[in-house]
Trainee: 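For reference, the structure I am asking about is given below.
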Amino acid sequence: TTTRPSSDSSAFKAQLAQAQNIVILTGAGVSAESGIPTFRGPGGLWRTYQATDLATPQAFQRDPSLVWEFYHYRRELMATKAPNPAHRALAQFETQCEGQGRSCRVITQNIDGLHQAAGSQDVLELHGALFRVRCTACGVETANHDSPICPALHGRGQPDAHRSEPPIPVASLPRCVDCGGLLRPAVVWFGENLNPEVFRRAHQAVDECDLCLVVGTSALVYPAALFAPGVAARGAEVAEFNIEPTASTSDYGFYFEGPCGQTLPPLLL
Ligand code: BJW
Ligand code: ZN
């Protein structure tokens, strides 16, 4: 009988050793062991809201105070979080590849910045970044690490469902220093386009790779969900790392089940 996908460590290590262009596609699962909730797993609720229901332009239009409280909470949470062994193994592996003249690039759906914090260079952030903001009026985008991001959000955003304060007036939410317009998190919400340049570079890296690792993503969100299946479809090698199979697992050559902070380091280093 054929067993596909394989979880043979030595066979994977042999593939890894001969790969010249490696792409690592990550999702919320890579940060789970850092204590950051995933979207569709337990902890994907903030107050009574599904995180994915707040990550929409409609939610921001309807209740910008609520959506800002949600992102403020996640920004403040990062002060207590650090990269885990999975982020560190990927960063170390990238450094190793550089020394060998091989290319290794992380494409992440996460906005938490933990790959960069672990030392990964040149990370492509498909869905934006928690510590960047964009003006809804003039479009200017900037890095922003202020804590709190505005005085009115101080002490707000607790996930405690019982707590319900009146919404923050829109004039007291984060505002643009250039034009006074309302700022929003520079992230990609459902129904919004990915940054075309980021998407182009990600797509090119995916097209050129001879090995793709897909780590901690449910692969339910497009267009990122198409990347690894596309690599497998043209006959290049894909290895998946997840705590449970996904809809695409059977398309891949390798599947390593378990927390990626435990499965990745011994296979990469
Ligand atoms: C572990 C683990 C451990 C846990 N170790 N593993 C085609 C078909 C159908 C629909 C569409 C389509 N094209 C577009 C759409 C619409 C929509 C979409 O995909 N809808 C689907 C829900 C059906 N897509 C869009 O609107 C996108 N825009 C778009 O396509 O524009 C057109 C365009 C395309 C190309 C170029 C230009 C334009 C935008 C999508 C934006 C998604 N935004 C969010 C929020 C970001 C900001 C924020 O963080 O607040 O992105 S939603 C959320 O989902 C977030 C995530 O990045 C994303 C993916 O989630 P992820 O990372 O997979 O997390 P989970 O929780 O789902 O899974 C965690 C996994 O980890 C699980 O598998 C666990 O088992 C595993 N795990 N612990 C290893 N320790
Ligand atoms: Zn502005």
Side-chain angles (χ1 to χ4, degrees), residues 25-46 49-60 67-68 70-75 77-78 84-87 107-113 125-142 174-203 206 213-228 240-249 255-264:
L25 185 67
T26 70
V30 79
S31 295
E33 289 157 80
S34 293
I36 298 168
T38 61
F39 288 89
R40 292 162 188 88
L45 280 185
W46 178 80
Y49 305 93
Q50 201 69 53
T52 45
D53 292 338
L54 296 169
T56 70
Q58 292 77 17
F60 188 66
V67 173
W68 258 122
F70 172 59
Y71 281 94
H72 166 68
Y73 167 69
R74 292 170 63 192
R75 286 166 61 99
L77 188 68
M78 290 315 298
N84 67 55
H87 297 108
I107 302 174
T108 189
Q109 300 169 81
N110 300 343
I111 62 172
D112 57 32
E125 295 177 305
L126 288 175
H127 295 161
L130 200 44
F131 293 100
R132 295 185 70 81
V133 292
R134 188 167 71 241
C135 178
T136 58
C138 74
V140 117
E141 189 180 311
T142 53
R175 311 294 304 197
C176 177
V177 290
D178 292 333
C179 80
L182 177 64
L183 294 177
R184 57 164 282 176
V187 300
V188 184
W189 286 325
F190 281 114
E192 294 186 321
N193 286 345
L194 278 66
N195 176 310
E197 183 57 18
V198 172
F199 180 74
R200 191 193 61 74
R201 292 170 65 195
H203 205 284
V206 166
L213 312 188
V214 49
V215 184
T217 176
S218 61
L220 292 171
V221 174
Y222 293 85
L226 296 171
F227 285 162
E240 184 176 45
F241 299 79
N242 203 306
I243 52 170
E244 61 183 32
T246 66
S248 306
T249 305
Y255 172 57
F256 295 99
E257 189 159 281
C260 58
Q262 289 172 34
T263 55
L264 275 175

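Please read all numbers here as calculations on a predicted model, not as lab measurements. Atoms within a ligand are numbered from 1 in the order they appear, just like the ligands themselves.
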Trainee: By number and element, which atoms of ligand 1 are closer than 4.0 Å to a non-hydrogen atom of P259?
Mentor: 3 (C), 5 (N), 80 (N)
Trainee: Hey, is R74 touching ligand 1 through its side chain, its backbone, both or neither, going by heavy atoms under 4.0 Å?
Mentor: side chain
Trainee: For a 4.5 angstrom cut-off between non-hydrogen side-chain atoms, does E33 reach P85?
Mentor: no
Trainee: Is there side-chain contact between P245 and E257, with at least one heavy-atom pair below 4.5 Å?
Mentor: yes
Trainee: Quick check: do I111 and P185 have side-chain heavy atoms less than 4.5 Å from each other?
Mentor: no
Trainee: For the pair F227 and H203, name the ring-plane relationship: parallel under 30°, tilted 30 to 60°, perpendicular over 60°.
Mentor: perpendicular
Trainee: Out of curiosity, L194 CG to R200 CZ, how far, rounded to the nearest 0.5 Å?
Mentor: 14.0 Å
Trainee: Would you indicate whether the side-chain heavy atoms of V221 and F39 approach each other to under 4.5 Å?
Mentor: no
Trainee: If you apply the rule side chain to side chain donor-acceptor pair (under 3.5 Å), what do you find for T246 with T249, and how did you get there?
Mentor: CA-CA 5 Å; T246 66; T249 305; 3.3 Å; yes
Trainee: For atom 43 (N) of ligand 1, tell me which residue out of V67, V188, L54, L126 has the closest non-hydrogen atom.
Mentor: V188
Trainee: Are T217 and V214 packed together at the side-chain level, in the sense that at least one heavy-atom pair is separated by less than 4.5 angstrom?
Mentor: yes
Trainee: Test of understanding: given a 4.0 Å heavy-atom threshold, classify the contact between F39 and ligand 1 as side chain, backbone, both, or neither.
Mentor: both
Trainee: Which residue supplies the protein heavy atom nearest to atom 54 (O) of ligand 1, what is that atom called, and how far is it?
Mentor: R40 NH1, 3.3 Å
Trainee: Heavy-atom distance under 4.5 Å between the side chains of N110 and H127, does that happen here?
Mentor: no
Trainee: Is ligand 1 under 4.0 Å from a heavy atom in the side chain of V187, in the backbone, in both, or in neither?
Mentor: side chain
Trainee: Is N193 touching ligand 1 with its side chain, its backbone, both, or neither, if touching means heavy atoms under 4.0 Å apart?
Mentor: both
Trainee: If we only count N/O pairs under 3.5 Å, is S218 in contact with ligand 1?
Mentor: yes
Trainee: In Å, rounded to the nearest 0.5 Å, how long is the span from SG of C135 to CD of E141?
Mentor: 11.5 Å
Trainee: Nearest 0.5 Å, what's the CG-OG distance between L220 and S248?
Mentor: 9.0 Å
Trainee: Heavy-atom distances under 4.0 Å decide this one: backbone, side chain, both or neither, for E33 against ligand 1?
Mentor: side chain
Trainee: Does ligand 1 come near enough to F70 that some N or O of the ligand is less than 3.5 Å from an N or O of the residue?
Mentor: no
Trainee: Can you report which non-hydrogen protein atom sits closest to atom 28 (N) of ligand 1, along with the distance?
Mentor: E192 O, 2.7 Å
Trainee: Out of all atoms in ligand 1, which are within 4.0 Å of some heavy atom of A32? Include the element for each.
Mentor: 78 (N)
Trainee: Rounded to 10°, how big is the angle at the Zn ion (ligand 2) from C138 SG to C135 SG?
Mentor: 110°
Trainee: Quick one: look at A28 and ligand 1, take heavy-atom pairs under 4.0 Å, and tell me if it's side chain, backbone, both or neither.
Mentor: both
Trainee: For atom 23 (C) of ligand 1, what is the nearest protein heavy atom, given as residue, atom name and distance?
Mentor: L220 O, 3.9 Å
Trainee: Strictly less than 4.0 Å: does any protein heavy-atom distance to atom 16 (C) of ligand 1 fall in that range?
Mentor: no
Trainee: Before giving the answer on side chain to side chain donor-acceptor pair (under 3.5 Å), spell out for T108 and T26 the whole-Å C-alpha distance, their side-chain angles and the decisive distance to 0.1 Å.
Mentor: CA-CA 5 Å; T108 189; T26 70; 2.7 Å; yes
Trainee: Look at atom 8 (C) of ligand 1 and say which protein heavy atom is nearest, naming residue and atom and giving the distance to 0.1 Å.
Mentor: Y222 CD1, 3.7 Å
Trainee: Supply the atom-to-atom distance S218 OG to Q109 CD, rounded to the nearest 0.5 angstrom.
Mentor: 7.5 Å
Trainee: Which option wins on minimum heavy-atom distance to atom 2 (C) of ligand 1: A202, A219, P223, G29?
Mentor: G29
Trainee: If we only consider heavy atoms of Y71, is any one of them less than 4.0 Å away from an atom in ligand 1?
Mentor: yes
Trainee: Which residue holds the protein heavy atom closest to atom 37 (C) of ligand 1, what is that atom called, and what is the gap in Å?
Mentor: L194 N, 3.8 Å
Trainee: Run the numbers for me: atoms of ligand 1, each under 4.0 Å from some heavy atom of G216, listed by number.
Mentor: 6 (N), 69 (C), 70 (C), 71 (O)
Trainee: Would you call T136 and L183 a side-chain contact if the rule is heavy atoms closer than 4.5 Å?
Mentor: no
Trainee: What is the closest protein heavy atom to atom 26 (O) of ligand 1, and at what distance does it sit?
Mentor: G191 N, 2.7 Å
Trainee: What residue and atom, counting heavy atoms only, is the protein's closest point to atom 59 (C) of ligand 1, and at what distance?
Mentor: Q109 OE1, 3.3 Å
Trainee: Identify, by atom number and element, the atoms of ligand 1 in contact range of G27, meaning under 4.0 Å from any of its heavy atoms.
Mentor: 62 (O)
Trainee: Tell me which one of F60, Y49, W189, W46 satisfies ring-ring contact (aromatic ring centres under 6.0 Å, His included) with F70.
Mentor: W46
Trainee: Quick test: of every protein heavy atom, which one is nearest to atom 51 (O) of ligand 1, and how far off is it to 0.1 Å?
Mentor: H127 ND1, 3.0 Å
